Amino acid sequence: MPLTAIISDIHGNKDALDAVVQDARAAGAERFLCLGDVVGYGAQPLECLDLVRQLCTIVIKGNHEVAVLRGPLGFNPLASAAIRWTRALLDARGGDDLAYLQALPERHDVPGEPAILYHGSPRHPTEEYLFREDTLDHLPRSVDYSPKLVACFQEIDRPCFIGHTHVPGVIESDMTWCSPEECEQRYDTANRPCFVNVGSVGQPRDGDRRASYALFDGRLVTFRRVRYDVEAAAERIFATPELPDLLGQRLLEGW
Ligand code: ZN
């Protein structure tokens, strides 16, 4: 398959998205897939949506797309504020954005293709988080069984790409965690079942404020981190009265 850039959790951060697209093209990526959460949190949701629609061969629906459509149920106040503002922007613009978001698939699972795609997990595609803390080597001491991961692995027969937690890394078939640092940014799936989290383009939460995404050649995953103008992205949030300043602050700090 052509070298593919897999991006997720852009969250209205066009500064980060532009930097990732440039980096991926320079690395030879010939196509882009998106695992959802194009909007929410950031100051340029419409610009991100327009670019993703034009750029990506496949776009999966995330929980922030669901929230824009149905209301931010269960969201914290920061996330809710961004969703209400994003929905107002979409309503004001008119057009077919809402129909487009509604029609997005929650999964991409085609026999014969090298990977399966979800936003969150196979069991609850837009909602469930597969955390590093669910893996056997990160569970509390004396716990040695992860029924959540057992159930999720039963649903896949190939590598599966996910986002949603905003923390990149791999849940291997033995249910242990491999961070990008531990595998020196390259992970050989050997075409076996595993969950590859590509991290977040627009709001990384692992303490590294650089944008995160992955390249995939059909077997090998390369994790990428990309510097971009974080101050500019934060400043756009500070300049948007409807968005809480904390959403800009967290970009600067990477959480
Ligand atoms: Zn997200």
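In this text, all values refer to a predicted model and were calculated from it rather than measured experimentally. When a ligand or atom number is given, it counts from 1 through the structure's own listing order. Computed over heavy atoms, backbone and side chain alike; hydrogens, waters and symmetry mates excluded.
Donor-acceptor pairing under 3.5 Å is recorded for the side chains of Asn13 and Tyr228. Under the 3.5 Å distance criterion, with hydrogens and angles disregarded, a donor-acceptor pair is assigned to the side chains of Thr165 and Asn197. Side-chain atoms of Thr57 and Arg31 form no donor-acceptor pair, as typed in the model, at a separation below 3.5 Å.
Taking the six-membered ring for Trp and the full ring otherwise, the centers of His164 and Tyr118 sit at least 6.0 Å from each other.
Between Phe195 and the choices Phe153, Phe161, Trp177, the ring pair (Phe, Tyr, Trp, His ring centres under 6.0 Å) rule is met once, by Phe153.
The pair Asp157-Arg192 does not count as a salt bridge, with every side-chain nitrogen at least 4.0 angstrom from each carboxylate oxygen.
For the Zn ion (ligand 1), the tally of protein N/O/S atoms lying closer than 2.8 Å stands at 4.
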